[in-house]
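Inspection log for the structure reproduced underneath, given as structure tokens.
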Amino acid sequence: MDFKARFAPSPTGKVHIGNIRTAIFNWLYTRHCGGEFLLRIEDTDLERSTKQAIDALYDCMKWLGLDYDGTPMYQTTQSGAHREAARKLMEAGHAYELNPGEENSPVLFRLPYDCDSFPFVRTVGDVKIETAPETPVSISRAGLVWSIVNHKGKTVESAACLAGFKDLQIYAADNTLLFSLNEETLPGIAAAKDPMVFENAAYFTFTRREVFFVDLVKGELSKPLDSIKDLIIIRSDSSPVFHLANVCDDVTQGVTHIVRGDDHVENTFRHLFIFQTLGFKVPTYAHLPMLVNAAGKPYSKRDGDAFVGDFREKGFLPEAFFNYLSLLGWSPGDNREKMNRQELIEAFTLEHAQRSPAQFDMVKLMNMNGLYIAEMPQAEFEQAVWDFAARWEWRTNADRATFHKVAELMQSRTKTYMDAQTWSYFFSEEFEFDPKGFNKFMKEDARAALTELAAILENMTGTAATDFEEAIRKAETAHTIAQGKLNQPLRICLTGITVGAGVYETAEILGKESCIRRIRRALAHENG
RNA sequence: GUUCCCAUCGUCUAGAGGCCUAGGACACCAGGUUUUCAUCCUGGUAACAGGGGUUCGAAUCCCCUUGGGAAUGCCA
């Protein structure tokens, strides 16, 4: 099957979830269709593209298992091809210098006036536009400029390409024909140095045409040609602009399916013409809705909490992160959510891609991550957290045997590896008490029972969780405390916090001597 | 301003004119299990933006309104 999709990020900053979601969709779609997934680094913005950003990009893709086919293309290596394409367009009359003859004139792509035969152009109908009085209509090689009076009575200026105005006729208020645009007058306009200005123009008529294409996500999309301007493809410093580079590279890489963000829809209307005039088949497009942050705004490089690399640092599993992101703007069409990579590939078609923006929900990601952690083999979980915990001081005095037991106990309670930060109390007796929990549970009767418990533990011979349980029951009975009510006070003594593993198991891991010390330390601590 | 796009629980979503008394998930609330914590189980609150059409029948099709987003760069 001839299917090539690509991911074409510009390495101007750390890759964020919006970017990588696009990569994931491209990847899934490609793998589903059995095509090739290509990578192109759009590094033409020399000012802002950095080596670090490129490295981070590769790193994130590797972490997420986004493998690509072939060698990545660096856009900067293609500038020769871009200039050659511009030269060809110029030669064919599809591009022109804004200021002919001048030294550093930018080059513009001309939307072709003669485009009725293009498969993505169709005629809409005849249109009459009344221009604002006292404002001229001017026409030049760059297009038409005019003003209208809007419904609020304000005069607003508009401009569009010549191709937007097939059979244009400009009239004065007394219906005198001022100018006709057609095959005969067109070359004169294109060649003229200065624009033609019609001071007394009152209205003009033309045949409206529109550009349209069928988007795999959004369906048919269209836009009138008289709302599009010619676009700069070569800057005055002779460097190629995105529009040209992007199209050329897609041609060079043989891309057949372009899956990208919503924000490119407007570009697509213009890129279609570049493909066509360059003599290439236009690719199939799919525009994904944007990902928005908690404020409902599209993710940008300013959203500091949205960098892909940070999710690894926060202790998320790549599979969970991948799974969650695949569900943002897409669903398999049934009630499945937790899906492995193979299931995602099999189910992934653009039919079920959403048309509206999706909001990223950290809480749901956490939940999904917890699901993935819960099903990890215990040994794998233990090793992963051990490695992750290298960043915390408590690991330096943690022995692996104890850690093994802790990990076993904590796995079902862990949402992200970051949760293990609180495991420090297993390895140090110098922890802080949570003031709220401490005051809640360290009441007078609890203190008395705990004092008793410490004494009971002194004489306890067993070391199993059940032995601790028995000792606690004894202390409760001795002080007429309801069965089980000493659990939380003891937990505070042993861990400083109110949540954790089962308290008997926790005590077993800590050992009798440490438990006694911890209880006495807590008893010496004043309520706040 | 102009053009384009979008609109189902708080959030992610199912929904292709009758299967909808609108389903699932997260979150939240209430119970249960665990003598404790977490997991887990059961139940609950909660949505078709508004108004017109078309139709025997509309969340679904059309129009308008409102709201949101994008483009309108010699950024990509």
Side-chain angles (χ1 to χ4, degrees), chain A residues 8-12 42-45 47-49 75 98 104-108 147-148 150-152 154-160 215 218-219 221-224 226-229 231-243 245-246 260-270 287 289-290 292 294 296-298 324 327-338 351-352 354-368 370 374 409-415 469 472-473 476 482-491 495 497-506:
Chain A
S10 60
T12 54
E42 302 210 331
D43 54 351
T44 46
D45 188 342
E47 300 280 300
R48 298 189 297 144
S49 296
Q75 191 159 59
L98 184 60
N104 301 310
S105 175
V107 176
L108 278 82
S147 295
I148 58 155
N150 71 8
H151 62 280
K152 285 180 185 163
K154 221 174 118 186
T155 300
V156 290
E157 193 179 89
S158 298
D215 187 276
K218 294 178 172 274
L221 262 21
S222 63
K223 189 178 173 71
D226 53 296
S227 67
I228 303 177
K229 285 195 261 189
L231 55 150
I232 290 175
I233 51 174
I234 300 285
R235 296 189 187 90
S236 43
D237 68 358
S238 83
S239 64
V241 172
F242 162 75
H243 302 291
N246 192 260
R260 46 155 50 154
D262 229 352
D263 49 337
H264 282 294
V265 169
E266 304 278 333
N267 290 332
T268 301
F269 290 121
R270 306 193 284 186
H287 289 93
M290 309 297 281
V292 296
K297 303 287 177 193
Y324 176 70
L327 259 21
L328 243 34
W330 177 83
S331 85
D334 49 40
N335 283 336
R336 285 181 296 168
E337 288 200 336
K338 186 165 174 299
E351 270 171 68
H352 284 108
Q354 206 72 8
R355 291 151 196 252
S356 49
Q359 196 173 91
F360 182 85
D361 181 3
M362 182 64 97
V363 178
K364 181 140 182 166
L365 203 214
M366 287 259 208
N367 176 273
M368 180 155 285
L409 225 47
M410 299 305 283
Q411 185 168 355
S412 69
R413 295 152 228 266
T414 304
K415 295 284 184 208
E469 185 176 358
I472 295 162
R473 296 292 87 84
E476 282 167 348
Q483 302 287 282
K485 289 293 180 198
L486 202 53
N487 285 331
Q488 283 299 77
L490 177 60
R491 180 188 297 283
T495 71
I497 53 180
T498 55
V499 293
V503 72
Y504 319 133
E505 288 77 10
T506 302

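Worth knowing before you read on, the calculation uses all heavy atoms, side chains too, and leaves out hydrogens, waters and symmetry mates.
Taking atom C1' in both B:rU60 and B:rA14, the straight-line distance is 13 Å, to the nearest Å. Comparing B:rU11 with B:rG69, their P atoms sit 15 Å apart, to the nearest whole Å. To the nearest whole angstrom, the two P atoms, one in B:rG52 and one in B:rC28, are 39 Å apart. Comparing the P positions of B:rC9 and B:rG15 gives a spacing of 16 Å, expressed to the nearest Å. For the C1' atoms, the distance linking B:rA27 with B:rU13 amounts to 15 Å, nearest Å. For the C1' atom pair drawn from B:rU3 and B:rA59, the interatomic distance equals 29 Å after rounding to whole Å. Using atom P as the reference point in both B:rU65 and B:rC5, the two lie 15 Å apart (nearest Å). Comparing B:rG17 with B:rA76, their P atoms sit 44 Å apart, to the nearest whole Å.
Here A:Thr506 lies out of heavy-atom contact (under 4.0 Å) with every strand. Using a 4.0 Å heavy-atom distance criterion, A:Ala358 is classed as a sugar-phosphate-only contact. Among the protein residues, A:Val503 comes within range of the nucleic acid bases, having at least one heavy atom under 4.0 Å from a base atom. Nucleic acid contact class of A:Thr44 (heavy atoms, under 4.0 Å, all strands): sugar-phosphate only. At the heavy-atom level, A:Leu328 lies under 4.0 Å from the strands shown only through sugar-phosphate atoms. A:Pro224 comes within 4.0 angstrom of sugar-phosphate atoms only, judged by non-hydrogen atoms across all strands, and of no base. When heavy atoms are screened at a 4.0 angstrom cut-off, A:Gln483 is found touching base atoms of the nucleic acid. Within 4.0 Å of A:Lys218, counting heavy atoms only, lie sugar-phosphate atoms of the nucleic acid but no base atom. Residue contacts shown for A:Gly333 are limited to sugar-phosphate atoms, with no base heavy atom under 4.0 Å away. Residue A:Arg473 is classed as a base contact, given a heavy-atom separation below 4.0 Å to a base.
A:Val363 meets the side chain to side chain contact (heavy atoms under 4.5 Å, CB included) test with A:Asp361; sequence neighbours excluded. When the salt bridge (Lys or Arg N to Asp or Glu O under 4.0 Å) test is applied to A:Asp237, no partner is found at least two apart in sequence or on another chain. With sequence neighbours left out, A:Glu505 forms a salt bridge (Lys or Arg N to Asp or Glu O under 4.0 Å) with no residue at all. A:Thr268 is linked by a side chain to side chain donor-acceptor pair (under 3.5 Å) to A:Arg260, A:His287, counting only residues two or more places apart in sequence or in another chain. Residues forming a side chain to side chain contact (heavy atoms under 4.5 Å, CB included) with A:Ser236 (at least two apart in sequence, or on another chain): A:Asn104, A:Pro106. Residues satisfying the side chain to side chain contact (heavy atoms under 4.5 Å, CB included) test with A:Ile228, not counting sequence neighbours, are A:Leu111, A:Val211, A:Lys223, A:Leu225, A:Phe269, A:Arg270. Remark: A:Val503 engages A:Asn487, A:Leu490, A:Arg491, A:Leu494 in a side chain to side chain contact (heavy atoms under 4.5 Å, CB included) (not counting sequence neighbours). Listed by chain and residue number, nothing satisfies the ring-ring contact (aromatic ring centres under 6.0 Å, His included) test with A:Tyr504 (two or more places apart in sequence, or in another chain). The side chain to side chain donor-acceptor pair (under 3.5 Å) search around A:Lys297 returns none, not counting sequence neighbours.
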Taking protein heavy atoms under 4.0 Å as touching, what does nucleotides 16-30 of chain B look like 5' to 3' if B marks base contact, S marks sugar-phosphate-only contact and - marks none?
B------BBBSS---
Scoring nucleotides 63-69 of chain B by protein non-hydrogen atoms under 4.0 Å (B base, S sugar-phosphate only, - none) yields ------S
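Here the P atom of nucleotide B:rU35 and the CD atom of A:Glu476 are 12 Å apart, to the nearest Å. A straight line from NZ of A:Lys229 to C1' of B:rC74 spans 13 Å, rounded to a whole angstrom. Between the P atom of B:rU34 and the CD atom of A:Gln488 lies a distance of 16 Å, rounded to the nearest Å. In this structure, CD1 of A:Ile234 is placed 11 Å from P of B:rA76, rounded to the nearest angstrom. Atom CZ of A:Arg48 is separated from atom P of B:rA76 by 8 Å (rounded to the nearest Å). Residue A:His243 contributes atom NE2, which lies 8 Å from atom C1' of B:rG73 at whole-angstrom precision. Between the CG atom of A:Leu221 and the C1' atom of B:rC6 there is a distance of 11 Å, rounded to whole Å. Straight-line distance from the CD atom of A:Glu505 to the P atom of B:rU39: 16 Å, rounded to whole Å.
Atom-to-atom distance recorded for A:Ser147:OG and A:Glu157:CD is 5.0 Å, nearest 0.5 angstrom. Taken to the nearest 0.5 Å, the CZ atom of A:Arg235 stands 6.5 Å off from the OG1 atom of A:Thr44.
The nucleotide whose nearest atom lies closest to any side-chain atom of A:Asp263 is, among B:rA71, B:rC4, B:rU39, B:rA71.
Stacking of A:Tyr504 onto the six-membered ring of B:rU36 is present: less than 5.5 angstrom between centres, less than 30° between planes.
Nucleotide B:rA14 forms no Watson-Crick or G-U wobble pair with any nucleotide shown, as no partner meets the under 3.5 Å limit on both distances. Pair assignment for B:rA7: B:rU66, on the basis of Watson-Crick or G-U wobble contacts that are both within less than 3.5 Å. Base pairing of B:rG73: no nucleotide in any strand meets the Watson-Crick or G-U wobble criterion (both distances under 3.5 Å). In this entry B:rU42 has B:rA30 as its Watson-Crick or G-U wobble partner, both defining distances falling under 3.5 Å.
The base of B:rU39 is not paired with the side chain of A:Arg413 by any donor and acceptor separated by under 3.5 Å.
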For nucleotides 58-62 of chain B, give me every protein contact, N/O to N/O, under 3.5 Å, one pair per line with atom names.
none

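In terms of position along RNA chain B, the nucleotide closest to A:Arg355 lies nearer the 5' end than the nucleotide closest to the other residue of the pair A:Arg355 and A:Glu469. Of the two residues near RNA chain B, A:Gly329 and A:Lys485, the one whose nearest nucleotide lies more 5' is A:Gly329.
Residues A:Ile148 and A:Val156 are in side-chain contact: their nearest non-hydrogen atoms beyond the backbone lie under 4.5 Å apart. Within the 4.5 Å cutoff, no side-chain heavy atoms of A:Pro289 are placed close to those of A:Ser356.
Proximity of A:Ser331 to the phosphate of B:rA14: a side-chain N or O atom is located under 4.0 Å from OP1 or OP2. OP1 or OP2 of B:rA14 has at least one side-chain nitrogen or oxygen of A:Gln354 nearer than 4.0 Å.
The two residues A:Asn246 and A:Gln75 come nearest to each other via the heavy atoms N-NE2, 3.8 Å.
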Apply side chain to side chain contact (heavy atoms under 4.5 Å, CB included) to the pair A:Thr495 and A:Thr506, showing each step before the final yes or no.
CA-CA 9 Å; A:Thr495 71; A:Thr506 302; 4.0 Å; yes
